[in-house]
**Student:** 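Please see the structure below; I have some questions.
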Amino acid sequence: KIYRSEDQQSKICLQGVAQYLTFCATWSFQRLHRQNTDTMPERRPFVRLPTDVYPVNYGLCLKPDLIDFTFEGKLEAIVKVNLATNQIVMNCADIDIITASFVPEGGEEINATGFNYQNEDEKVTLSFPSALQKGSGTLKIDFVGELNDKMKGFYRSKYATPAGEIRYAAVTQFEATDARRAFPCWDEPAIKATFDISLIVPKDRVALSNMNVIDRKPHPEDDSLLEVKFATTPIMSTYLVAFVIGEYDFVEGQSSDGVTVRVYTPTGKAEQGKFALEVAVKTLPFYNEYFNVPYPLPKIDLIAIADFAAGAMENWGLVTYRETALLIDPKNSCSSSRQWVALVVGHELAHQWFGNLVTMEWWTHLWLNEGFASWIEYLCVDHCFPDYDIWTQFVSADYTRALDLDALDNSHPIEVNVGHPSEVDEIFDAISYSKGASVIRMLHNYIGDKDFRKGMHSYLLKFQHKNAATEDLWDCLEQASGKPIALVMSSWTKQMGFPIIVVDQEQQGDDRILKISQKKFCASGPHNGEDCPNWMVPISICTGEDPGCTKLKVLLDSPETTITINNVSPDQWVKINPGTVGFYRIQYSSGMLESLLPGIRDLTLLPVDRLGLQNDLFSLSRAGMISTVEVLKLMEAFVNEPNYTVWSDLSCNLGVLSSLLSHTDFHEEIQEFIRDLFTPIGLKLGWECKQGEGHLDALLRGLVLGKLGKAGHKPTLEEARRRFKDHVEGKQILSADLRSPVYLTVLKHGDSATLDTMLKLHKQADMQEEKNRIERVLGAISAPDLIQKVLTFALSEDVRPQDTVSVIGGVAGSSKHGRKAAWKFVKDNWEELHNRYQGGFLISRLIKLSVDGFAIDKMAAEVKSFFESHHAPAAERTVQQCCENILLNAAWLKRDADDIHQYLLKRKAPPV
């Protein structure tokens, strides 16, 4: 499941839009209070389902009503009774059972005498007049439910036909615990069974499920309906079951290993499925070979769903996506959208093996599913599109983001003991995904690709069609590599946080002696308490002689050590963590740092290491360990920088700083700094793409022009206005890659006429990508009355429910006034917003985007107090993280604002 939409997926896909700054600010989490405990919110009592009865096969027939938004269901489940019992306990939510009975194999039918619903625990107990004896039998249940509008369970998704008529599709989203909203079931990942699914649907609709169709016949009672029967699934978990009923076109291909691949699109948009099809057809054989285990189903469908909360969901054989995560229009889609689609397709198809074939035993091990898929999606995209330089982008998109969040006191370990369903949604976060992916990348590097693949293969073979825990993977990788994997990795998965590696050096003859120590890094500085945790840290070292080659590898398993590197001349620099693979921050002695800085100017350091160095220093400045002025000086050394991702990360950190300094009266000075830094690269790139340019040049141009435009660079603003006018009048349509920066620039410096034009463009847009592009930048408008208009628009019918969050977030991230207005709007409309998103990760994202940018102590108290009286159980930890962040921002501002101001004034003062 991709829990991020493309504006969340990464700093890499944003191209300098307003949301860019919001998003970067929101993920730059900080740490204030010293705590070593996992600050899990108060636990609710929870008991897993009893094991006295379990399913072997679900025979399920569903008949949705697309007019009244209800559905009828019939379940005939073959079950095994392990222990004689007179009751069966199952999961069930928002479903009314009409009749239930049990037929023992070869025996008489026994009708259930009572249904006791435990709504709080989403369970139902079926009571029988006599004990069901040990052995097999069939459980029959007739039930009815609602096609809800909450984007979970079996729900309705609104779409418009090509003629403009509003209709509804019936679709599913079951992960983590919502299969129970579609049919009574044993809704736990370890209780696997096979499924025989039939759907009764209008005959002019497409009906899809996990498997291929084996029979289609008219419904005996109504010839306008068809009964569609699907093949039996392999043994699988309930959260991976899916069905879709709606109107779709498709494009089809076949992978080189014979699997039929289809991409389903809205009617009339089949062309927009071709790019995803091309990626999927390349990806399946790649994984097949990488895992050395064939894809186990005859087909795979990828389908775009109009109303969809997550980015995508890996249902076995029927993967569902937001439209913007699957559809690419050759003329109107920008480069970042292509990249996003490639990554999401890579992520979800990886789950077909890792997650679907072998499934986590319980949600505690969710990180293994998501962290692994979030790592291998990059491996897959690197294979399909080597020109994307995707591994450098990983560092900016996932690695640094995870470090920022994990430096908070209110972070959590990768592995969290999860009980009640309301706790599961909380762990779909940057720790499970991005830290998970980062430590797997570190592990892969530590083991080496050959042994890693060998271990993965034996893991998938050993546990296929079964369930596994984190330790099972460690065992397989340990056997393959002969290295102490469990020992090393448990220090990264079972305790929260990560170390800062402190390095000093001295030269002895031809040798360089390094003194290395570790301590826990906290967002408000290094941990100096007594009980400081330790990590098993794989450390690599390179030198200026060959920056791309690791000279030495050691495993740091103690608080400190001394390392000798032979044959290093005094004029050579030494760098820790080449490739920025190890999950830690580094603090060099001032002499070591000085020697590395020329490598930024002359580009002898690799792009990923230039990025890592800058990001580490920025993080140390937020934590109060160095002055922010030092980082500003370092940033000025990037004047020759050619690499998109390095600029992207710089831009992101400047966005955080700009947001922080919006609380001061010298906000304009930081804008001037941004203009000065970005002008040379902006002039070099220009507005028109040149012959021989590729994907990354397009991303860089969008990023730089958006940054300059937002910061009020006059020539960029004038050109953006000219091009926008031509675009609106139809004289010269803007290329897709220039739309975000142009829209952002004209809005930031625009009036009510500009906003009206933009809203008109939004209404006319036929493509969801274009609608989202506009939605994400609307918040850049400056006038208070227009900000209010944008916020009202966010909750209107014109914005899809999952996209409201990024409109509000765009407002909060664009200006000081926007931040206040967005928070007030969220408070004023809390009931509607909470009702819409409760229990999902969208509620957490909404809170984060709305309040994370504040930098006044009293705001932390206000936010805390608001959520004490307006409970949002799925976002408890998010609220704690936001309050911590606000206090950290306030401390940072108090500590460094004057120095920053003096530096910005001094650099513009004429030399004496």
**Student:** Check whether N829 reaches the backbone of L833 with its side chain - one donor and one acceptor, N or O, closer than 3.5 Å.
**Tutor:** no
**Student:** Taking ring pair (Phe, Tyr, Trp, His ring centres under 6.0 Å) as the definition, give me every residue that meets it alongside W353, ordered by chain and number, with sequence neighbours left out.
**Tutor:** Y287, F291, Y295
**Student:** With no hydrogens and no angle check, is any side-chain donor or acceptor of Q352 less than 3.5 Å from a backbone partner on E348?
**Tutor:** yes
**Student:** Taking atom types as modelled, is there a side-chain donor on Y378 or D398 under 3.5 Å from an acceptor on the other?
**Tutor:** yes
**Student:** For P189, does its backbone N or O pair with a side-chain atom of S237 as donor and acceptor, under 3.5 Å?
**Tutor:** yes
**Student:** Any chance the side chains of H412 and D429 put a donor and an acceptor closer than 3.5 Å?
**Tutor:** yes
**Student:** For Q768 and D803, test the side chains for any donor-to-acceptor distance below 3.5 angstrom and give the result as yes or no.
**Tutor:** yes
**Student:** So, R836 versus T804: side-chain donor-acceptor pair below 3.5 Å or not?
**Tutor:** yes
**Student:** Under a plain distance cut-off of 3.5 Å, with no hydrogens placed, do N410 and E884 share a side-chain donor-acceptor pair?
**Tutor:** yes
**Student:** Report yes if the side chains of Y264 and L208 come closer than 4.5 Å at any heavy-atom pair, otherwise no.
**Tutor:** yes
**Student:** Are the charged groups of E361 and R48 less than 4.0 angstrom apart, N to O?
**Tutor:** yes
**Student:** If you apply the rule salt bridge (Lys or Arg N to Asp or Glu O under 4.0 Å), what do you find for E775 with K771, and how did you get there?
**Tutor:** CA-CA 6 Å; E775 286 160 3; K771 284 189 188 292; over 6 Å; no
**Student:** Name all residues meeting the ring pair (Phe, Tyr, Trp, His ring centres under 6.0 Å) criterion together with F498; count only those two or more places apart in sequence or in a different chain, and write none if there are none.
**Tutor:** F521, F583
**Student:** Does the distance from a Lys or Arg side-chain N to an Asp or Glu carboxylate O, for R800 and E323, drop under 4.0 Å?
**Tutor:** yes
**Student:** Do the side chains of K827 and E862 get close enough for a salt bridge, i.e. N-O under 4.0 angstrom?
**Tutor:** yes
**Student:** Do any N or O atoms from the side chain of H365 and from the backbone of T470 form a donor-acceptor pair under 3.5 angstrom?
**Tutor:** yes
**Student:** Evaluate W367 against M360 for side chain to side chain contact (heavy atoms under 4.5 Å, CB included), listing each step before the verdict.
**Tutor:** CA-CA 9 Å; W367 85 272; M360 71 230 145; over 6 Å; no
**Student:** Check whether the side chains of E370 and H351 place a donor and an acceptor atom closer than 3.5 Å, and report yes or no.
**Tutor:** yes
**Student:** So, does D121 use its side chain to make a donor-acceptor pair with the main chain of K123 at under 3.5 Å?
**Tutor:** no
**Student:** Using a strict threshold of under 4.0 Å (side-chain N to carboxylate O), is an ion pair present between K158 and E797?
**Tutor:** yes
**Student:** Please work out which of the three classes, parallel, tilted or perpendicular, describes the rings of H347 and Y433, given edges at 30° and 60°.
**Tutor:** parallel
**Student:** For the aromatic rings, using the six-membered ring if either is Trp, is the centroid distance between W830 and F825 under 6.0 Å?
**Tutor:** no
**Student:** Taking the ring centre of each residue, are W823 and F866 less than 6.0 Å apart?
**Tutor:** yes
**Student:** Would you confirm whether the ring centroid of F154 sits within less than 6.0 angstrom of the ring centroid of F174?
**Tutor:** no
**Student:** Anything under 30° is parallel, anything over 60° is perpendicular, the rest tilted; go ahead and classify F354 against F372.
**Tutor:** parallel
**Student:** If you measure only the distance, is there a donor-acceptor pair under 3.5 Å linking the side chains of R819 and S659?
**Tutor:** yes
**Student:** Does any donor atom in the side chain of T177 or D187 lie under 3.5 Å from an acceptor atom in the other side chain?
**Tutor:** no
**Student:** With a 3.5 Å distance limit and no angle check, can you tell me whether S411 reaches the backbone of M496 through a side-chain donor-acceptor pair?
**Tutor:** no
**Student:** Can S333 and E769 be counted as having a side-chain donor-acceptor contact under 3.5 angstrom?
**Tutor:** yes
**Student:** Quick one: does N356's side chain have a donor or acceptor within less than 3.5 Å of a partner on N315's backbone?
**Tutor:** no
**Student:** Tell me whether R156 forms a cation-pi arrangement with F69, defined as NZ or CZ under 6.0 Å from the six-membered ring centre and within 45 degrees of its axis.
**Tutor:** yes
